[in-house]
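Scope of the values below: all heavy atoms of this structure, side chains included, with no hydrogens, waters or symmetry mates. So that the names make sense, note that chain A is the first sequence line, chain B the second, and so on, each numbered from 1.
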Amino acid sequence: MRGSARPAQLLKQGCPGLDAVSPDAYKSGSDFNRLNLASMHDLRSIRDNPAAFDAGLARRGLSAQSGDILALDQRRRALQTEFQELQARRNEASKLIGAYKKEGKDAQPLLDEVAALKEKMPALEQQEKELGVELDGILASLPNLPADDVPEGKDEHDNVEIRRVGTPVEIAGAKQHFELGEALGLMSFDAAAKLSGARFTVLRGKLARLERALGDFMLDIQTNEFGFEEVSPPLLVKDDAAFGTAQLPKFTEDLFQTTNGFWLIPTAEVPLTNLVNDAILDSDELPLRFTARTPCFRSEAGSAGRDTRGMIRQHQFYKVEMVSITRPDQSQAEHERMTDAAETVLKRLGLPFRTVKLCTGDMGFSAQKTYDIEVWLPGQGMYREISSCSNCGDFQARRMKARFRAKGEKNTQFLHTLNGSGLAVGRCLIAVLENYQQPDGSILVPEALRPYMGGLERITA
RNA sequence: GGAGAGGUGGCGGAGUGGUCGAACGCGUCGGUCUCGAAAACCGAAGUACCCGCAAGGGUACCGUGGGUUCGAAUCCCACCCUCUCCGCCA
């Protein structure tokens, strides 16, 4: 019942170099087959200006790719054209066959012709597919190109400080958050270790309440003052979603996966952004703004030994995330606006921070431009990242086929997507502890947060 | 988990082997009419890719993937999803 001669034919065709990233490479489980030619990066713009594409990659420290890409692209299109011509002839002949049979004419010559066509077609089709997979594999593994105004640089040392808000207070003998929390008896890493091992925390009593309060506080600001719509999304997602925001195919090792193939979200950016996947929106409903407080799950595979004490770097933490979906002409302004929304939380809490523009070498895979907000931690005596706001341009939108149509236009365009933490709740809790610690080890509750803490002014043992 | 039903264009809903990218209705857009609107009438209208300077031509897509056939929305297989009922459960 299965195809008989066909597979053998296909096998004859081998395809050199098809060991690149194949879609099945990212594991089993769900049906991942949405790859579509010419997504991820705009093949047309690479054709038009290969030098610019390579220059962008070079700023990311990557080698030129346009040569390989365009060669593959050209071969693929040639095959596609050839294949489609055969299909056209087959379709035409098949119609005639129908007509002939009706009229009682002899259709045998046409049948022979189609049979001959069908000798060639599977091989062509197969080759074309394989080239497409190879091409997609390359394109899917290349990061977004940095925006023009992103500073050149190797790592975080080359980031550029944009502004500083608030003045770090000198606290004599400042303690770190875990010292404070453990002394209060409200934060336990031992208890968490018994349950789950390293990189987990158990919060109790007023500290658990503080975590909840912080999240509520942030959500209220983002929804009431910045127009973000609160969302309660799934925390487990399929391959498609993880591919859309570009966790896949490259970063599987950073994620947790269930035995039946779901990915635990590393950030609500994944479900929130994928809300518009495969959509064609009207331009006048833009921008869309979403926010959600969710747990985030990260394997932290590559960070063994980093930030092992305390709750700076955890396998699981709460974060309020903001996602904006905009037209291309809106995204830059939206990026500033979103960053402002994140900063507003820190300002209200009276926490000193600085905002830096990430250099090319420090930016995430999907980002075109990123601002990090770093909060001052007296206990550590340094600024630590508490938010990251990125404009992804159309990079994610291409992957998830998120488009819009301008009023009166016939053609669709890709949307722009942005995401930013507003803020990381766990780290914000750390910042509150360290900045509001008192000599007696108690913690003053920031004024703005008191309504969220039932009026509580101070957390004590 | 058990039993059943079903997945078609923005929506509803036809279509069981050929001229079906898909009837019809609604909605949408343009026009006629009108002082204006409604109604009525006429017309337009899916997405993506390929070839082409263009005009234009072609291919694919009716949940997904395969198969049968000269030809598949229609037949076969597998999978996914949704809905209803029963059971279980937060």
Atom-pair distance (CZ on A:Arg47; P on B:C49), nearest Å: 10 Å
From the set B:C50, B:U47, B:G71, return the single nucleotide nearest to any side-chain atom of A:Thr412. B:U47
Atom CG of A:Leu281 and atom C1' of B:G10: how far apart are they, to the nearest Å? 13 Å
Strictly by Watson-Crick or wobble contacts shorter than 3.5 Å, is anything paired with B:G27, and which nucleotide is it? none
Do A:Lys319 and A:Thr294 have side-chain atoms, one donor and one acceptor, less than 3.5 Å apart? no
Tell me if the aromatic rings of A:His41 and A:Phe395 count as close, with their centers under 6.0 Å from one another. yes
Could you tell me whether A:Glu225 atom CD has more than 12 heavy atoms of other residues or ligands within 6.0 Å of it? yes
Within this structure, what is the CD-to-C1' distance between A:Gln80 and B:U59, rounded to whole angstrom? 8 Å
Between P of B:A48 and CZ of A:Arg398, the distance in whole Å: 12 Å
B:C51, B:U47, B:G18: which one has an atom nearest the side-chain heavy atoms of A:Ile97? B:G18
Quote, to the nearest angstrom, the C1' distance that separates B:C51 from B:G43. 31 Å
Take atom CZ of A:Arg403 and atom C1' of B:G46, then tell me their distance rounded to the nearest Å. 11 Å
Determine the Euclidean distance between corresponding C1' atoms of B:C24 and B:U8; express it in Å to zero decimal places. 14 Å
Taking atom types as modelled, is there a side-chain donor on A:Gln108 or A:Asp112 under 3.5 Å from an acceptor on the other? yes
Which residue lies toward the 5' end of RNA chain B, A:Arg44 or A:Asn91, if each is placed at its nearest nucleotide? A:Arg44
Does a donor on one side chain and an acceptor on the other come within less than 3.5 Å for A:Asn419 and A:Ser390? no
A:Lys118 (side chain) and B:U69 (base): donor-acceptor pair under 3.5 Å: no
Have a look at A:Leu110 and say if it touches a base, only the backbone sugar-phosphate, or nothing, with a 4.0 Å heavy-atom cut-off. nothing
Nearest-nucleotide wise, let me know which of A:Ala115 and A:Gln87 is further upstream toward the 5' end of RNA chain B. A:Gln87
Say we look at B:G36 and B:G52: how far apart would their C1' atoms be, to the nearest angstrom? 48 Å
With a 3.5 angstrom cut-off on both distances, give the Watson-Crick or G-U wobble partner of B:A72, or none if there isn't one. none
Nearest-angstrom distance, P atom, B:A38 to B:G27: 12 Å
Give me the distance, rounded to whole Å, that separates B:G18 from B:A72 when you measure between the C1' atoms they each carry. 10 Å
Distance between C1' atoms of B:C29 and B:U82 (Å, rounded): 32 Å
Which of these nucleotides, B:A60, B:U47, B:C50, is closest to any side-chain atom of A:Arg405? B:U47
Paired nucleotide for B:A90 [Watson-Crick or G-U wobble; both distances under 3.5 Å]: none
Figure out the CG/C1' separation between A:Asp42 and B:A48, and round it to whole Å. 14 Å
Are A:Gln126 and A:Glu130 linked by a side-chain donor-acceptor pair shorter than 3.5 Å? yes
Can you tell me the pairing partner of B:C49 across any strand shown, Watson-Crick or G-U wobble, with both distances under 3.5 angstrom? B:G58
Is the positively charged end of A:Lys105 above the ring of A:Tyr100, judged by distance under 6.0 angstrom from the centroid and angle within 45° of the axis? yes
Within the structure, does a side-chain N or O atom of A:Lys129 lie under 4.0 Å from either OP1 or OP2 of B:G66? yes
Should B:U84 form a Watson-Crick or G-U wobble pair with both distances under 3.5 Å, which nucleotide is its partner? B:A3
For B:U64, give its Watson-Crick or G-U wobble partner with both distances under 3.5 Å, or none. B:A78
So which nucleotide does B:G36 pair with, by the Watson-Crick or G-U wobble rule with both distances under 3.5 Å? none
Atom-pair distance (CZ on A:Arg89; C1' on B:G71), nearest Å: 16 Å
Integer-rounded Å distance: B:C51 P and A:Arg75 CZ: 16 Å
In plain terms, say whether A:Arg47 and A:Asp73 are close enough for a salt bridge, that is, a side-chain N and a carboxylate O under 4.0 Å apart. yes
Phosphate OP1/OP2 of B:C49 contacted by A:Arg77 side-chain N/O (<4.0 Å): no
Between B:G58, B:C70, B:C51, which nucleotide gets closest to the side-chain atoms of A:Ala88? B:G58
Whole-angstrom distance between B:A45 and B:G31, as gauged at atom C1': 14 Å
Please measure how far the P atom in B:A3 lies from the corresponding atom in B:G15, and state the result in whole Å. 29 Å
Shortest side-chain distance from A:Gln84, nucleotide among B:G18, B:U59, B:U19: B:U59
